[in-house]
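Just so it is clear: chains get the letters A, B, ... in the order the sequence lines come, proteins before strands, and each one is counted from 1.
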Amino acid sequence: MVNKIFDSCSEAVVDIFDGATVMIGGFGSYGGLPINLIVALSGQGAKDLTIIANMGGVGYELSHRIKPGGYQDSGILFENGQVRKFIGSVPALGGMPPTSPLEILFNEGRVEIEMVPQGTLAERLRCGAGGLGGFYTPVGAGTTVAESKEKKVIDGREYILELPLTADFALIKAYKADTFGNLVYRQTARCFNPVMAMAAKVTIVEVDELVPTGQLDPEIIVTPHIYVNRIVEVPR
Amino acid sequence: MKDRLDEQTIALRAAREFADGSVVNLGYGMPGLCANLIAGDKTVFFQSENGMLGYGSLATDEEKDYELINASDQPVTPRPGMCFFDSAAAFDMIRGGHIDVVVLGAYQVSERGDLANWGRPGRPATGMGGGMDLAVGARRIIVTMLHTTKDGGPRIVKECTYPLTARRCVSLIITDLSVIEVTGDGLLLKEIAPGWTVAEVQALTGADIRPAADLKEIQL
């Protein structure tokens, strides 16, 4: 049996390579964001990354100032110049000033953005996880999202073809893991974590608590252990 | 300057549209206030696209738990019978027509009910979040917004000039001046803010509005 337990986040992300595609779980700010793995990746320094995440974050300084519990977003990776492309539903928030690292880099032409409606993002991940070649959705039909996509009318309604998403690595936050890697989440901190955990080649998880195998009720496990490759316990 | 309704009052008016037992999703910003404005004798199941059904109201400072947030990043309170699921399941509910009502903010709404609520000139990096999915999938779309822009220009227009969220999706528009129904026959002014005339509201609207036969002052 492979030992999946790592002593630190930095050891768990050491082989994320230049040019890798990395999924980041959570919703965008607090609640389900694998913040310790994100900070470890920023220290590790891999470049030219493609980041797949719901939101682009507001950046280190602003996040530190406005969010309880300190720094909570993925903006540090953009600030460090580690990202070539972002795929997600909220690269920047219209209600915030245009000062997020991703928005600044995008406006300077230094990073590419693929804008994906949030439900389409979730479903593209599920397709990637489940070996499907894509799906037709009515979401985005007749908007900029439909540009250069295959269209199909089914029962009189217009749909567009969306393709699966996979990644080299996924950074995930869960509440508890057992030593096999079975995961449970806490409340709304679940969000994008389960679908991303299933859609990447190497899934790295930070958890509040690691428990012996057999201690999690099999009826409540959300992510089965075969999707999890590395576990780091970061007590909160 | 005549008085206009404040955001709390607009949200209260929107909350009156929720039937007992209905499933409601609240969009970013002003719509979130609706969670605190449900009459005590009514049960509404609030769904949130980050994977939650059946939360209570917005949390007070003492109640805040940052792993119990709505999709606008606001902590909310738990409620008996609530449940959690992942993002993919949340959007199955939304696209699959299992949400009765969504309340969304908007930059513009057209006279045919086209919605533009995510992108604006000069900000090409701002995203649509779950707005497109909600506008396409929810059974009824209510927009809450200010009637005019900061510069006094209309937000209710003949054709949206901002990037579209979805076409022909809005049923009801609730602003600080009016309640307007989008019908197959154009915009129907159903309610109007106290002290305002139809002509005054029409002058601040970029498309024709037709007063309803039973036009009322805003009903709270």
Task: Top contributor to chain A contacts, counting heavy-atom pairs under 4.5 Å, from B:A125, B:G122, B:G119 - done: B:A125
Open item on the list: Within the structure provided, determine whether B:T205 and B:R155 are in side-chain contact (heavy-atom separation under 4.5 Å).
Closed with: no
Open item on the list: Does any part of the side chain of A:C9, heavy atoms only, come nearer than 4.5 Å to the side chain of A:V234, both counted from C-beta?
Closed with: yes
- [ ] Counting only heavy atoms closer than 4.5 Å, note whether A:F106 contacts chain B via side chain, backbone, both or neither.
- [x] side chain
Task: B:R139, CZ: over 12 other non-hydrogen atoms inside 6.0 angstrom - done: no
- [ ] Taking the side chain as every heavy atom from C-beta outward, state whether A:L77 and A:I24 have any pair of such atoms under 4.5 Å apart.
- [x] yes
Task: Residue B:F84 versus chain A: region with a heavy atom under 4.5 Å - done: both
Task: Region of A:V116 that comes under 4.5 Å of a non-hydrogen atom in chain B - done: backbone
Open item on the list: Quick check for you: among B:P163, B:A166, B:P124, B:G51, which has the greatest number of heavy-atom pairs under 4.5 Å with chain A?
Closed with: B:P124
Task: Contact check, side chains of B:E17 and B:V179, non-hydrogen atoms, under 4.5 Å - done: no
Task: B:Y55 versus chain A, the contacting section by heavy-atom distance below 4.5 Å - done: neither
Task: Passing option when B:H147 is tested against B:I174, B:I173, B:I180, B:L5 for side-chain contact (heavy atoms from CB on, under 4.5 Å) - done: B:I180
Open item on the list: Check for me whether the distance between the ring centres of A:Y175 and A:Y185 falls short of 6.0 Å.
Closed with: no
Task: Salt-bridge contact B:E67-A:R236 (side-chain N to carboxylate O under 4.0 Å) - done: no
- [ ] Counting only heavy atoms closer than 4.5 Å, note whether B:A71 contacts chain A via side chain, backbone, both or neither.
- [x] both
Open item on the list: Closer than 4.0 angstrom, basic N to acidic O: yes or no for A:K173 and A:D208?
Closed with: yes
- [ ] Can you tell which part of B:A88 gets under 4.5 Å to a heavy atom of chain A, answering side chain, backbone, both or neither?
- [x] both
Task: A:E158 bridged to A:K151 by N-O distance under 4.0 Å - done: no
Open item on the list: Between A:R157 and A:D155 (salt bridge meaning N to carboxylate O under 4.0 Å), is one present in this structure?
Closed with: no
TODO: For chain A, find which of B:G130, B:S48, B:G129 contributes the most heavy-atom pairs closer than 4.5 angstrom.
DONE: B:G129
- [ ] Please determine, by modelled atom types, if B:Q8 and B:D6 share a side-chain donor-acceptor pair under 3.5 angstrom.
- [x] no
Open item on the list: What part of B:D114 gets within 4.5 angstrom of chain A, counting heavy atoms only: side chain, backbone, both, or neither?
Closed with: neither
- [ ] Answer with side chain, backbone, both or neither: which region of B:R95 has an atom nearer than 4.5 Å to a non-hydrogen atom of chain A?
- [x] side chain
Open item on the list: Is A:E103 in contact with chain B via its backbone, its side chain, both, or neither, using a 4.5 Å heavy-atom distance?
Closed with: both
TODO: Tell me, for A:N107 versus chain B, whether the close heavy atoms (under 4.5 Å) come from the side chain, the backbone, both or neither.
DONE: side chain
Open item on the list: At a 4.5 Å cut-off on heavy atoms, which part of A:I113 comes close to chain B: side chain, backbone, both, or neither?
Closed with: side chain
Task: Per-residue contact mode, A:T137 against chain B (heavy atom under 4.5 angstrom) - done: side chain
Task: Structural part of A:R126 lying under 4.5 Å from a heavy atom of chain B - done: side chain
Open item on the list: Let's test your reading of the structure: which of B:M128, B:R167, B:M52 forms the most heavy-atom pairs below 4.5 Å with chain A?
Closed with: B:M128
Open item on the list: Please classify the contact of B:I94 with chain A as side chain, backbone, both or neither, using a heavy-atom distance under 4.5 Å.
Closed with: neither
Task: Interface moiety of B:T165 toward chain A, non-hydrogen atoms closer than 4.5 Å - done: backbone
Task: Heavy-atom pair count under 4.5 Å with chain B, highest-scoring of A:S100, A:G31, A:P117 - done: A:P117
